[in-house]
Amino acid sequence: MTNDQIPKKMRLGSNEEDCYQRLQQQRRSLPIHPVRGRLIHEVQRHNSVIVIGETGSGKTTQIPQYLYEAGLHRNAVIAVTQPRRVAAITISKRVAQEKKTELGHLVGYCVRFEDVTSDSTKLKYMTDGMLLREAILDPLLKRYSIVILDEAHERTIHTDVLFGVVKAAQRQRAEQGLKQIKIVVMSATMDVDHFSKYFNNAPVLYLEGRQYPIQVYYSVEPQTDYLFASLVTLFQIHKKEPAQKDVLIFLTGQEEIESAVKSIRDIAREVMRAPNIVVCPLYSSLPSFSQLRVFQPTPEGCRKVVVATNIAETSVTIQGIKFVIDSGMVKAKVYNPNSGLDLLKVVRVAKDQALQRTGRAGRESPGICYRLYTENEFETFSNTTVPEIQRCNLASVVLQLMAMHITDVAGFDFMDKPSPEAVKKALEQLELLSAVEKGERYKLTPLGRQMAAFPLDPRLSKVILTAKDFHCLEEILTIVSVLSVDSVLYTPPNKREHAMAVRQKFISSDGDHITFLNIYRAYKSVNGNKQWCNENFIDVRNMKTAQEVRRQLKEICERQELPIQSCGRDTVPIRKCLTAGYFMSAAELQREGEYVTLSTRKVVSIHPSSVLFRCRPGYVLYNELTQTSKCYMRDLCVVDADWLYETAPNYFRNKKPGR
DNA sequence: GAGCACTGC
């Protein structure tokens with residue numbers, strides 16, 4: 001569970017003991033409390049236990065405490081993993097309060113950039129990605145006696161890999177006569193048998209939730225225009241229902257949401273007598289101060305209408321939602337491993353996702369959900385969302401598994417295996433980067449082991465490790481950091497021309513990477529001044545993250561004793577490093593003025609957001625291909641044909657760039 | 001001359 005279980009406001013009275021007693025009272029009233037004894041008994045008796053609990057059962061905060069209080073931690077650490085940072089942080093804070101201890105002592109959390117634990121920490125809340133990182137250093141997870149994998153139904157790529165890693169650790173520890181490790185998997189209702197079977201027929205414990213009943217209404221006819229249908233539904237609700245009952249509408253993306261918000265405001269003002277609707281858009285790229293608007297209390301006599309992406313399914317919980325309108329659509333990234341092509345597509349949600357959306361109407365009282373599709377249509381939806389591990393590039397995961405001495409990745413005990421083609425593709429990519437070698441079977445190289453230490457796409461790790469040969473790690477660290485966060489450029493659609501003109505001064509004719517370097521240098525020279533960022537249309541939030549990433553990467557470099565040197569104003573060494581990581585993503589200018597990729601001779605174009613748009617360099621490297629109206633290359637770097645040959649002679653033997 | 005679901009190390 002996320003921040004849902006934390007009471008709206010802890011009443012911290014003057015009497016601390018009073019407050020503590022109240023907390024203990026709350027603990028005892030949770031639906032999980034009567035099951036305490038059975039839970040402890042099951043965990044004592046079995047190596048693995050599955051806990052199925054709906055929202056509000058209290059499992060995330062209570063189960064780790066029960067196991068600890070019963071002494072099952074055996075003086076080692078209980079890890080509780082979460083897919084999201086905020087959840088790990090807020091839940092650990094709550095548990096520390098309940099245990100009446102300071103955060104970081106008995107109870108702590110560990111997420112990227114932040115480790116609030118100590119030697120005395122026994123209950124450790126962490127992101128699943130964090131535990132996976134630890135497993136690279138210690139595949140047997142020896143410091144833990146119990147690993148609790150929470151929100152397992154979300155099937156993030158990290159959780160899925162952890163399933164296999166923790167299960168293997170359990171078996172190997174038993175084989176080696178080491179202390180045993182217990183596994184507790186906590187999930188919402190879907191796929192119970194699947195989980196139990198995978199964990200050696202683990203017993204399943206069912207918990208009651210604290211969800212209020214929700215009335216679900218389907219469309220009578222299939223809708224051709226869900227955007228229009230959502231507006232009609234909203235105003236039907238608005239006409240007949242008392243104000244104060246707020247509405248949450250699920251749509252697919254920024255543009256659609258902004259247009260819906262505008263329509264709602266226009267209709268409310270011009271058509272309805274009293275414009276008593278407060279409309280809030282909500283999507284992740286919305287600046288944080290605008291996001292906070294959804295949490296502000298609705299003025300007297302008004303109705304709040306939140307128009308959101310799937311961010312409101314799990315990551316953000318809004319109080320007071322009584323009605324949910326579900327378009328049944330979601331924007332999903334579709335990745336094609338063969339072409340390396342990314343595209344965002346609007347697709348149908350799965351049944352579990354529709355259920356999750358519906359649940360948002362019944363958090364505090366009974367609610368109503370309007371589904372903008374028919375019941376027959378709903379029956380055709382797939383049961384669950386395809387696990388992430390089956391729909392993305394696996395290079396990074398394969399490298400991590402190999403660093404844990406798992407050489408046969410295709411044969412690894414995944415709960416749901418990725419396709420053999422996707423694993424093969426990942427191994428081929430790692431081989432091109434010299435991270436693995438192919439003998440009788442694939443084997444990690446010393447370079448590959450070094451690469452695995454970086455929390456990055458393997459291509460970017462390769463760029464970093466190449467920098468020592470070109471004496472430009474200082475610059476490479478900056479570029480890699482900026483590339484691995486969301487865009488540091490902030491371009492509001494109505495001020496596009498102005499933003500482009502202001503940022504002209506940063507542009508390098510060598511491409512986007514060097515332009516990013518110039519921007520970061522300028523940002524540092526003004527000490528991250530916020531006004532400067534606003535004037536130059538630089539996204540402060542993402543720039544700060546890039547700075548933190550850089551600090552972390554620098555630390556890893558120092559641990560590997562890589563010399564952090566600067567190449568000054570010369571960009572050639574930098575671009576040669578980039579070539580070492582991205583030579584397989586190169587494109588060549590043709591006589592007709594178009595570009596083709598060297599890997600598959602696919603016709604591609606320079607994306608208009610690139611500083612190289614309207615330039616015609618002979619050879620470029622690109623970071624990604626996006627298919628929209630055309631196939632576009634994004635984030636480009638100008639290179640020399642000779643560098644491609646020098647970097648990967650075998651790869652280019654038959655591709656003949658420039659010859 | 002264009003389009004940005006959502007997480008995470």
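Here the structure is a predicted model, which means the values were calculated and not measured. All chains are named by letter (A, B, ...) in the order of the sequence lines, taking the proteins before the strands, and each is independently numbered beginning at 1.
With sequence neighbours excluded, the residues satisfying side-chain contact (heavy atoms from CB on, under 4.5 Å) with A:Met186 are A:Val51, A:Lys59, A:Thr60, A:Ile63, A:Ile148, A:Asp150, A:Val184. When the side chain to side chain donor-acceptor pair (under 3.5 Å) test is applied to A:Arg503, the partners found at least two apart in sequence or on another chain are A:Thr491. Scanning for side chain to side chain donor-acceptor pair (under 3.5 Å) contacts around A:Thr385 gives A:Asp352, with sequence neighbours left out. Residues that satisfy the ring-ring contact (aromatic ring centres under 6.0 Å, His included) test with A:Tyr226, not counting sequence neighbours, are absent from this structure.
Taking atom CG on A:Leu489 and atom P on B:dC4, their separation rounds to 17 Å, with Å as the unit. Between the CG atom of A:Leu132 and the C1' atom of B:dT7 there is a distance of 14 Å, given to the nearest Å. Counting to the nearest Å, the P atom of B:dC9 and the CD atom of A:Glu548 are 11 Å from each other. Atom P of nucleotide B:dC4 and atom CD1 of A:Ile257 are separated by 13 Å, given to the nearest angstrom. One atom, CD of A:Glu624, and another, P of B:dA5, lie 13 Å apart when rounded to the nearest Å. The distance from atom NZ of A:Lys345 to atom P of B:dC4 is 14 Å, rounded to the nearest whole Å. A straight line from CE of A:Met633 to C1' of B:dA2 spans 15 Å, rounded to a whole angstrom. When rounded to the nearest whole Å, the span between CE of A:Met130 and P of B:dT7 equals 19 Å.
Look at A:Arg85 and you'll find a side-chain N or O under 4.0 angstrom from OP1 or OP2 of B:dC9. Taking only side-chain nitrogens and oxygens, A:Ser284 comes nearer than 4.0 Å to OP1 or OP2 of B:dC6. Remark: A:Thr309 is in phosphate contact with B:dC6, judged by side-chain N or O atoms under 4.0 Å from OP1 or OP2. In terms of phosphate contacts, A:Thr127 brings a side-chain nitrogen or oxygen within less than 4.0 Å of OP1 or OP2 of B:dC9.
Taking the side chain of A:Phe613 as heavy atoms from C-beta on, and the options B:dG8, B:dG1, B:dC6, the nearest nucleotide is B:dG1. Residue A:Lys331 places its side chain closer to B:dA5 than to any other of B:dG1, B:dA5, B:dC6. Across B:dA2, B:dC6, B:dC9, the shortest atom-to-atom separation from the side chain of A:Ser629 is found for B:dA2. Checking B:dA2, B:dC9, B:dA5 against every side-chain atom of A:Gln254, the shortest atom distance belongs to B:dA5. Relative to the side chain of A:Ser315, the nucleotides B:dC9, B:dG1, B:dT7 differ in distance, and B:dT7 lies closest. Considering only side-chain atoms of A:Pro608, the nucleotide from B:dC9, B:dA5, B:dA2 that sits closest is B:dA2.
Syn is the classification of B:dC4, since its glycosidic angle stays within 90° of 0.
A distance of 8.0 Å separates CE of A:Met633 from OG of A:Ser610, quoted to the nearest 0.5 Å.
Looking at A:Asn536 and A:Lys505, their side chains do bring a donor and an acceptor atom within 3.5 Å of each other.
Within 4.0 Å (heavy atoms only), A:Val346 reaches no atom of the nucleic acid at all. Counting non-hydrogen atoms under 4.0 angstrom, A:Tyr632 reaches the backbone sugars and phosphates but no base.
Screening residues 545-554 of chain A for salt bridge (Lys or Arg N to Asp or Glu O under 4.0 Å), with sequence neighbours left out, gives A:Glu474-A:Arg550.
For the pair A:Phe454 and A:Val330, nearest-nucleotide mapping onto DNA chain B gives the more 5' position to A:Val330.
Surrounding OH of A:Tyr490 are at most 12 heavy atoms belonging to other residues, nucleotides or ligands under 6.0 Å away.
Proximity of residues 549-560 of chain A to DNA chain B (heavy atom under 4.0 angstrom from any strand atom) is not detected for any residue.
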